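On a predicted model such as this, the values are computed, not experimentally measured, just so you know.
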Amino acid sequence: MTSVLALYRNHDALMNMSSNQQPTLILRRLSVDEYVLPKIHTKKIKRVNSERKPFSVNPFPKLGTGHGVYVFENQYFRYEGEWVKGKKHGFGKLLLKDGTYYEGQFNQGEITGTGFKFFSETKCKYKGQFLKGEMHGRGIMEFPDSSEYEGNFVHNRKNGYGVMRTPLTQYDGGYQGNMRHGEGRMVYAPMRYDKTSNGDRYEGYWVADKRHGPGVLHCADGSIFDGNFDNDEFHGHGLYRHISGVIYDGMWLKGFPAKMASKLHIVVENTPMVIRQGTPFTITVQCLNDENDVVGDEGREIQITAGFKYYQPSKGSALFDMIEDVEDKPIDTPFGYQVVHYPLTNQEQENDGPSEEDEEQELSQSQTQLDLKEDEDENQNNKEEEIKEGEDGEKLAENEKQDDEKEDGVDNSGGGVEEPDEIPNNTTTETESVPLPPPVPNCRSEEGVCVWNEVYLAPAPPMYRPFVAMEEAENDKKSSSRGKPAINKDDRRSSIVSEQRRQTIHDPGNIDRRGSVNKVDKMRRQKEKALEEKYAKTGEYVLMVHDVTNPPFLGRTIEPAFLLLKLKRPEAKKRAKKEGKKWDTSQHIRRSMVATEGLED
């Protein structure tokens with residue numbers, strides 16, 4: 001080996017010689033000391049791991065396996081945890097420069113498994129399953145407003161079954177794409193002062209975070225809707241049981257019934273409606289929509305009341321001083337005037353008429369005349385009639401004084417003295433305090449209709465203000481008319497009665513006849529007064545019907561209805577005719593012939 005090396009050493013000199021000049025090579029063995037290898041400069045090759053860079057100054061496990069800390073090249077990520085062959089694998093913590101971090105399981109360099117993640121931007125916290133860096137699987141997400149979602153995630157979105165709890169709601173059901181979808185149950189927190197929650201509970205189907213499809217809504221006030229929803233509204237067929245008692249079963253359109261009652265209607269044949277004292281009447285009311293169709297809702301509460309024309313008391317009167325104590329405010333009507341409440345009852349009233357048939361006939365005849373008079377002069381009941389001019393004011397006053405004395409049974413003219421008429425036993429001189437009858441109870445609609453049977457206008461309560469105001473106004477007019485010397489504006493009947501009494505004085509033969517007439521006339525007045533104490537005063541009343549459903553059905557109160565009532569005296573009782581013997585003409589002829597034959601014989 002050494003000889004070969006020596007040969008190579010002199011290789012250059014041998015190559016420069018010619019073939020003749022080349023000497024014979026003598027090979028000899030070189031010693032070990034003379035053996036020198038050429039210097040070879042080699043570059044050290046370093047092993048490069050998959051995630052380790054040359055500039056890293058952090059401790060890194062040998063061969064990339066074990067526990068280590070590593071800062072990435074962009075200085076944004078920092079990992080501390082377990083490595084396997086240069087990849088994050090096992091348990092570790094990945095910290096981002098903005099404060100977001102993940103702490104949990106890694107698999108082959110990816111965030112996969114169970115872990116915890118904090119989002120610095122939203123301050124949300126997630127604990128659950130991950131897949132390749134995304135929330136995927138079961139987990140719990142906590143929000144900064146103390147809300148919490150516990151359920152299934154797919155690619156960072158709520159998907160599948162989950163439970164979402166917020167300060168105002170709790171939902172458990174299906175999700176799709178972070179929105180409520182499918183069958184679910186929502187419970188709203190109790191009513192808040194800011195009305196952000198109402199305490200309802202819904203069980204049914206959802207689409208895109210809204211109630212859609214069949215479901216049941218339990219409202220906090222007790223109302224229940226069982227039917228179809230569309231875009232969070234009642235739409236389609238549904239049954240609604242309102243807390244007020246109203247029940248509607250039918251079609252709905254955008255949150256409201258397809259047929260919604262908007263007004264009330266009083267069913268009556270003629271207007272005004274004529275009723276009689278002491279005679280009950282029936283009232284039927286319908287719930288109509290704008291197309292005048294009967295709406296078949298159930299349980300709507302309807303109230304029926306009566307009213308009498310409101311008279312403003314004159315200033316300075318006793319009634320004017322008490323006006324501040326009046327709680328019943330006047331009600332506007334479509335008839336051009338206001339009314340105040342008048343008692344209406346369904347309590348049966350005693351219909352006791354005059355005991356004697358002659359008195360009944362007299363009263364009925366006089367009342368029939370009065371009714372005809374009222375029908376002819378209905379719009380002029382409060383007007384005064386002008387009478388003939390008197391000679392002077394003193395003479396008029398003197399005549400009135402004489403008439404008053406004659407009415408009291410004193411005749412200063414020398415024609416005689418009239419005895420005062422006796423008051424019948426069936427009438428009372430003093431008005432007894434009678435408690436007011438109970439009012440007519442409210443009625444619940446059945447298929448959109450309410451019916452009240454056996455309804456009466458009750459007697460007026462003591463000191464009923466409209467009647468007192470009317471009497472004060474009449475007295476003021478009479479007193480003002482007496483002060484005028486030229487015109488007498490008293491009632492024409494008083495003048496006629498006075499004239500008849502004068503004629504009776506000059507004709508003594510008529511005393512008995514006029515006395516009996518006056519007695520019947522006074523008896524008629526007493527009977528009328530007794531009827532007014534027992535029944536309502538004749539005249540014009542207003543019947544009012546209101547929707548008092550509380551709370552209002554779907555927040556709407558339908559329009560009221562009004563009807564004119566004309567109250568008259570009771571109808572005259574028909575006197576039964578006594579059937580006598582029928583006239584037999586043939587028998588009469590036969591008797592006449594027999595009598596004639598007897599005379600001829």
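Using a 4.5 Å heavy-atom threshold, the side chains of Leu543 and Leu344 count as touching. Inter-residue side-chain proximity for Leu457 and Ile275 is flagged as met; some heavy-atom pair is nearer than 4.5 Å. For the pair Glu540 and Pro272, the minimum side-chain heavy-atom distance is 4.5 Å or more. Annotation: side chain of Pro438 is in contact with side chain of Thr345 (closest heavy-atom distance under 4.5 Å). In this structure the side chain of Met251 never reaches within 4.5 angstrom of the side chain of Leu253, judged on heavy atoms. For the pair Met260 and Leu554, the minimum side-chain heavy-atom distance is below 4.5 Å. Side-chain contact between His181 and Val207 is present, with at least one heavy-atom pair separated by less than 4.5 Å. No side-chain heavy atom of Arg556 sits less than 4.5 Å from a side-chain heavy atom of Ser262.
Looking only at distances, a side-chain donor or acceptor of Asp200 sits under 3.5 Å from a matching main-chain atom of Ala220. Distance alone, capped at 3.5 Å, is enough to place a donor-acceptor pair between the Trp452 side chain and the Pro441 backbone. Although no hydrogens or angles enter the test, the distance criterion places no donor-acceptor pair under 3.5 Å between the side chain of His546 and the main chain of Val548. Side chain of Thr284 to backbone of Val267: no donor-acceptor contact under 3.5 angstrom is found. With hydrogens and angles ignored, the 3.5 Å screen pairs no side-chain donor or acceptor of Ser244 with any backbone N or O of Asn550.
The distance from atom CD of Gln338 to atom NZ of Lys309, rounded to the nearest 0.5 Å, is 11.0 Å. A distance of 7.0 Å separates CD1 in Ile331 from CZ in Phe562, rounded to the nearest 0.5 Å. Taken to the nearest 0.5 Å, the CZ atom of Arg185 stands 12.0 Å off from the CH2 atom of Trp206. Annotation: the span from Gln303 atom CD to Asn442 atom CG amounts to 5.0 Å, rounded to 0.5 Å. Annotation: the span from Leu264 atom CG to Glu559 atom CD amounts to 9.0 Å, rounded to 0.5 Å. To the nearest 0.5 Å, atoms CG (Asn453) and CD1 (Ile283) are separated by 10.0 Å.
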Report the C-alpha distance between Val542 and Leu565 in whole Å, list the side-chain angles of each, state the deciding distance to 0.1 Å, and finish with yes or no for side-chain contact (heavy atoms from CB on, under 4.5 Å). CA-CA 6 Å; Val542 177; Leu565 295 178; over 6 Å; no
Under the side-chain contact (heavy atoms from CB on, under 4.5 Å) criterion, do Asp221 and Asn198 qualify, and how do the steps go? CA-CA 9 Å; Asp221 61 0; Asn198 53 14; over 6 Å; no
Given the rule in the side-chain contact (heavy atoms from CB on, under 4.5 Å) test, do Cys443 and Ile304 qualify, once you have shown the distances and angles that lead to the verdict? CA-CA 8 Å; Cys443 181; Ile304 181 172; over 6 Å; no
For Met164 and Thr169: C-alpha separation, side-chain torsions, deciding distance, then whether side-chain contact (heavy atoms from CB on, under 4.5 Å) applies. CA-CA 8 Å; Met164 182 71 184; Thr169 61; 5.9 Å; no
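With sequence neighbours left out, the salt bridge (charged side-chain N to carboxylate O under 4.0 Å, His left out) criterion links Asp209 to Arg180. Under the ring-ring contact (aromatic ring centres under 6.0 Å, His included) criterion, Trp252 pairs with Phe225, Phe234, Tyr240, Tyr248, not counting sequence neighbours.
Between the side chains of Asp230 and His212, a donor-acceptor pair is found at a separation under 3.5 Å. Lys263 and Asn292 share a side-chain donor-acceptor pair at under 3.5 Å.
Nearest heavy-atom pair across Tyr342 and Ala536 is OH-CB, 3.3 Å. Summarising the geometry of Asn289 relative to Lys259, their closest heavy-atom pair is ND2-CG, 4.2 Å, with the distance given to 0.1 Å. Of all heavy-atom pairs between Val340 and Pro466, the closest is CG2-CG, 3.3 Å. The two residues Arg300 and Val246 have their closest heavy-atom pair at CA-CG2, 3.7 Å. The two atoms that bring Ala189 and Pro167 nearest to each other are CB-O, 4.0 Å, heavy atoms only. Scanning all heavy atoms of the two residues, the minimum distance from Pro214 to Asn228 falls at N-OD1, 3.5 Å.
Annotation: Arg241, atom CZ; neighbour count of heavy atoms from other residues, nucleotides and ligands within 6.0 Å does not exceed 12.
Applying the ring-ring contact (aromatic ring centres under 6.0 Å, His included) test between Tyr202 and each of Tyr188, Phe229, Tyr171 identifies Phe229 as the sole match.
Using a 4.0 Å cut-off between charged side-chain N and carboxylate O, Arg444 and Glu446 make no salt bridge.
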